[in-house]
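Written below as structure tokens is the structure these notes are about.
When a residue number appears, it is its place in the shown sequence, counting from 1. Below, each value reflects all heavy atoms present in this structure, side chains not excepted, and no hydrogens, waters or symmetry copies.
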Amino acid sequence: MDYRLQNLLGAPYRGGNAVITQNTQLISPVGNRVSVTDLNKHHTVTIPVNTSTNICRIAVSPDGTFLLAVDEEDRCIFINLPRRVILHRITFKDKVGALKFSPDGKFFAVGIGKLVQIWRSPGFRRAVFAFELVRTFANSDDKVVSLEWSLESDYLLVGSKDLAARLFCVRKLKGALNKPFLFLGHRDSVVGCFFGVDKLTNKVNRAFTIARDGYIFSWGYTGEDVKMHESEDGHSEPPSPDTPERADEVMVDGVGTDLKKRKEYDGKDRDSDEEGGDDEEYMHRGKWVLLRKDGFNQASAKVTACDYHQGLDMVVVGFSNGVFGLYQMPDFICIHLLSISREKLTTAVFNERGNWLTFGCAKLGQLLVWEWRSESYILKQQGHYFDVNCVTYSPDSQFLATGADDNKVKVWNVMSGSCFITFTEHTNAVTALHFMADNHSLLSASLDGTVRAWDFKRYKNYKTYTTPTPRQFVSLTADPSGDVVCAGTLDSFEIFVWSKKTGQIKDILSGHEAPVHGLMFSPLTQILASSSWDKTVRLWDVFASKGTVERFQHNHDVLTVAYRPDGKQLASSTLDGQIHFWDTIEGVLMYTIEGRRDIAGGRVMTDRRSAANSSSGKCFTTLCYSADGGYILAAGTSRYICMYDISDQVLLKRFQISHNLSLDGVLDFLNSKKMTEAGPMDLIDDDNSDEESGIDKQSRGNLGYDLPGSRPNRGRPIIRTKSLSIAPTGRSFAAATTEGVLIYSIDESFIFDPTDLDIDVTPEAIEAAIKEDEVSRALALSMRLNEDRLIKKCIFAVAPADIKAVAISVPQKYLERLMEALVDLLENCPHLEFLLHWCQEICKAHGSSIQRNYRNLLPALRSLQKAITRAHQDLTDMCSSNEYTLRYLCSVPNSH
């Protein structure tokens, strides 16, 4: 089974800056991965590339093709967004505080500590090191935190922590012309700096700088400063210290290749720049005046995020108290001032048209897209605040439910990757979930002593199951018919059985001598299996009230239990890292898998022993059978998910859930350079507690552990998998990990998949077959090439009268791919009758084959049903609203 990471749910945003490209594509960092959300379709995908640590800064090219992502270790990757691959890598030499592409896409500027560097964008060039450093500005006295390019990419406005903003000319000029213009008067760091443009001439005439203490400065450009020419007579201000001329700027006659590159960059010959420099007007040497200074009046709140839209001349500002403000410039008119979060906003950005605002709150994991004109939400997502404890698929594999330590139950749409329901009635951590067979009811167990039943259609908690005295529930299940609900306890070691309809306790099963952490009903025989830390697995006949039917003894504590889908086999995991397989009919042990070496985790910072010698974490805490029962998935406190073949007891594959070094337990060997006399360097608390952490720190590492001494590793998350669930279709499985819910799928989502290819299968051959009117052959070739554009072209090349014959000729193995293409066309194409004719003929021609392979085709069939239903609803709404107009048009004679 070739499972690949398809998506990351449960964590829409974890810190850093979000960006919007192509007006509707929202790109946000999630840990060490990047998520892309289509705001029109409300569809989220996670790019299958990752960095070594959490991403702290991203930038996208103006055309949306390239993405730069910089992590906490200053390592940068250059990504091709449409193809979702890494093209180049580079490591910067200091912390990156700002990053931005130029409007023409040829360069990008990066603030590295006190320096500002301009690099040539590598694009698609093939080179060992494709990045070319063009210029370096070393005029700032403290860390650079904001950057802004002018429209012509000629000037760069830089804000830093030294309470000043500087205007640089990107081109290399002569002597004093290289000095930047300083915007002074701020009393705190300049967290935002922007250019204002005259709409008539499309030239820069204003600048805005925003200070962290809540003030915005408006600057006006009045032309060239006459005092600039007085520097030779000594009447001007004394020269400020500047960086000396760099060697590569002086050696004009030295290296010819470097000179050529720099002349190409300057656009003109260097000599002509120097001769005509006195006559040309330079904006950074001109006269700028302070027009006005305005305060946001947010008391002690600091500015933590801001953005400016040149077309609308508006500024959006986010504050550390969760409030944002939208202001019309240059008159500073407040349009909106609203509170959207309890914590500080860490990103605020406009889309290209300026009608949508995007806000992010790193600590709560919130990501919001808000339309300010209609005052409505386009997107409203929030991940779990703490670790996800449990995850389960719905019977039709369309939904995924998660429960976490933040007392919330969330339901996600697997296809779109978005959360559409959040239940908050629990008052303590949610420990177990179970979907009912009707597909719209969900059960959840919690440490607050309740088991609650939820209804998706009515969005409510319609029943609550409780006990006479409060108990803490850690396991949950229901029988396949939905008559009884069972839950295991942590404190009293009992199993409570309720009637689902009445909510009354039918029975209390006693016998275990330790917490009951595993419960599951047999799919066929209505026998309940329970596992406990008392080294036993017990089988109960709940309906006959016979008590324990069978008892399986183990040598170590039993951590979890799982039934095979046919109910004839039972798997249990023990504390010594073994998986035992029992025959439930004969009551004998069938197989044993030794998995200590496979699940062995990495070394945590506080471990005194190496990873090989440590005994902690070498066991499976969650098990999950495949849909056909041929293999089993197992995971625990480790970075691996193991897949075993049951009949041969061999390890088929290990999935590493993360390579993120920001998590504890990823490395097998710790870096000895970080070891000091006082212990590991990462454990030494050297942070400046007086400094506002809204700009510097945007991680969720210490979110719940702010009390001193509460966590030995300073709240650094430990990598683990707490729960596994495989989809009933068997096409995907979900893992509740430290980083969120990872979705692994065997459904191919790549544009190009070279299966059944030979030298004759080319786009040219497909075009030739269409011209020769051999549409059946053209469609077969396009299926083999698996190019989406060509498949759709071949579908439309078929005449309506020939659809039946072509549908019969489609091979069975390409049915799923053809259905996926039809689904995409139904959602985006106006030719509804033509496409419905295609769907009808395919179902008629391949009905028996679809019925035999319905498990493999189920995702495509459900997507097709969903697309047809949506089209039907749209037509119904349209016809009902135009009923009388249609009646009139039908009654008018043809002659009119």
| field | Any side-chain heavy-atom pair of Q382 and T422 under 4.5 Å | value | no

| query | Is a side-chain donor or acceptor of S102 paired with a backbone partner of S153 at a separation under 3.5 angstrom? | reply | no

| field | Under 3.5 Å: donor-acceptor pair, side chain of E343, backbone of A362 | value | no

| Going from OG on S61 to NZ on K106, what distance comes out if it is rounded to the nearest 0.5 angstrom? | 14.0 Å

| Non-hydrogen side-chain atoms of V170 and W149 separated by less than 4.5 Å | yes

| query | Quick check: does any side chain N or O of K95 sit under 3.5 Å from a backbone N or O of E72, one acting as donor and the other as acceptor? | reply | yes

| Contact summary for P122 and F108, nearest pair of heavy atoms | CD-CE2, 4.5 Å

| task | Answer with yes or no after comparing the ring centroid distance for F208 and F194 against a 6.0 Å cut-off, counting only values under it. | result | no

| field | Residues D188 and R212 bridged, charged N to O under 4.0 Å | value | yes

| query | Among N32, N660, D71, which residue meets the side chain to side chain donor-acceptor pair (under 3.5 Å) test with N54? | reply | N660

| query | Do the side chains of Y385 and L364 get nearer than 4.5 Å, heavy atoms only? | reply | yes

| note | In short, R187 meets D213 closest at the heavy-atom pair CB-OD2, 3.5 Å

| request: Report the relative orientation of the aromatic rings in F655 and Y744; use parallel for angles under 30°, tilted for 30 to 60°, perpendicular for over 60°. | output: tilted

| S146 side chain to V190 backbone, donor-acceptor under 3.5 Å | yes

| Tell me, do T402 and L9 make a side-chain contact under 4.5 Å, heavy atoms counted? | no

| request: Let me see the working for T44 and T37 under side-chain hydrogen bond (donor to acceptor under 3.5 Å, both in side chains), right down to the final yes or no. | output: CA-CA 4 Å; T44 302; T37 304; 3.3 Å; yes

| message | So which atom in L367 and which in P12 form the shortest heavy-atom distance, rounded to 0.1 Å? | response | CD2-O, 3.9 Å

| Pairwise ring-ring contact (aromatic ring centres under 6.0 Å, His included) hits with a residue in residues 51-82, at least two apart | F66-F78, F66-F124, F78-H88

| task | Quick one: do K410 and D406 satisfy salt bridge (charged side-chain N to carboxylate O under 4.0 Å, His left out)? Show the steps, please. | result | CA-CA 11 Å; K410 289 179 177 287; D406 60 359; over 6 Å; no

| field | Partner of F324 under ring pair (Phe, Tyr, Trp, His ring centres under 6.0 Å), chosen from F296, W370, W372 | value | W370

| message | Given 3.5 Å as the limit, does a donor-acceptor pair link the side chain of K93 with the main chain of I112, or not? | response | no

| Is the closest side-chain heavy-atom distance between L379 and H42 below 4.5 Å? | yes

| message | Minimum heavy-atom separation for V303 and V317, please, with both atom names. | response | CG1-CG1, 3.6 Å

| field | Centroid-centroid distance, F217 to Y215, less than 6.0 Å | value | no

| request: Would you check, one step at a time, whether the test side-chain hydrogen bond (donor to acceptor under 3.5 Å, both in side chains) holds for T46 with R33? | output: CA-CA 7 Å; T46 302; R33 296 182 172 95; over 6 Å; no

| message | With rounding to the nearest 0.5 angstrom, report the CD1 to OG distance, I20 to S28. | response | 10.0 Å

| query | Could you state the interatomic distance from CD (Q6) to CZ (F733), rounded to the nearest 0.5 Å? | reply | 11.5 Å

| request: Answer yes or no: is there a side-chain heavy-atom contact under 4.5 Å between D313 and Q328? | output: yes

| remark: In short, T738 meets I719 closest at the heavy-atom pair OG1-CA, 3.4 Å

| task | For S189 and V191, indicate whether the former's side chain and the latter's backbone hold a donor-acceptor pair under 3.5 Å. | result | no

| said: For the CZ atom of R89 and the OG1 atom of T91, what is their distance to the nearest 0.5 Å? | reply: 9.5 Å

| message | If we count only N and O atoms by modelled type, under 3.5 Å, do the side chains of H43 and D38 hold a donor and an acceptor together? | response | no

| task | Output the distance between atom CD1 (I657) and atom CD (E739), rounded to the nearest 0.5 Å. | result | 7.5 Å

| Who pairs with T424 by side-chain hydrogen bond (donor to acceptor under 3.5 Å, both in side chains), at least two apart in sequence or on another chain? | none

| Between OG on residue S723 and CG on residue D387, distance to nearest 0.5 Å | 12.5 Å

| task | With the side chain counted from C-beta on, respond yes when V34 and I27 share a heavy-atom pair under 4.5 Å apart, and no when they do not. | result | yes

| field | Flag, side chain of T347 to backbone of A18, donor-acceptor distance under 3.5 Å | value | yes

| query | Do L81 and I47 touch side chain to side chain, with heavy atoms closer than 4.5 Å? | reply | yes

| query | Do side-chain atoms of N389 reach the backbone of V430 as a donor and acceptor pair under 3.5 angstrom? | reply | yes

| Shortest non-hydrogen contact between F183 and L157, atoms and distance | CE1-CD1, 3.5 Å

| Backbone of F195 reached by a side-chain donor or acceptor of Q310 within 3.5 Å | yes

| D307 side chain to F350 backbone, donor-acceptor under 3.5 Å | yes

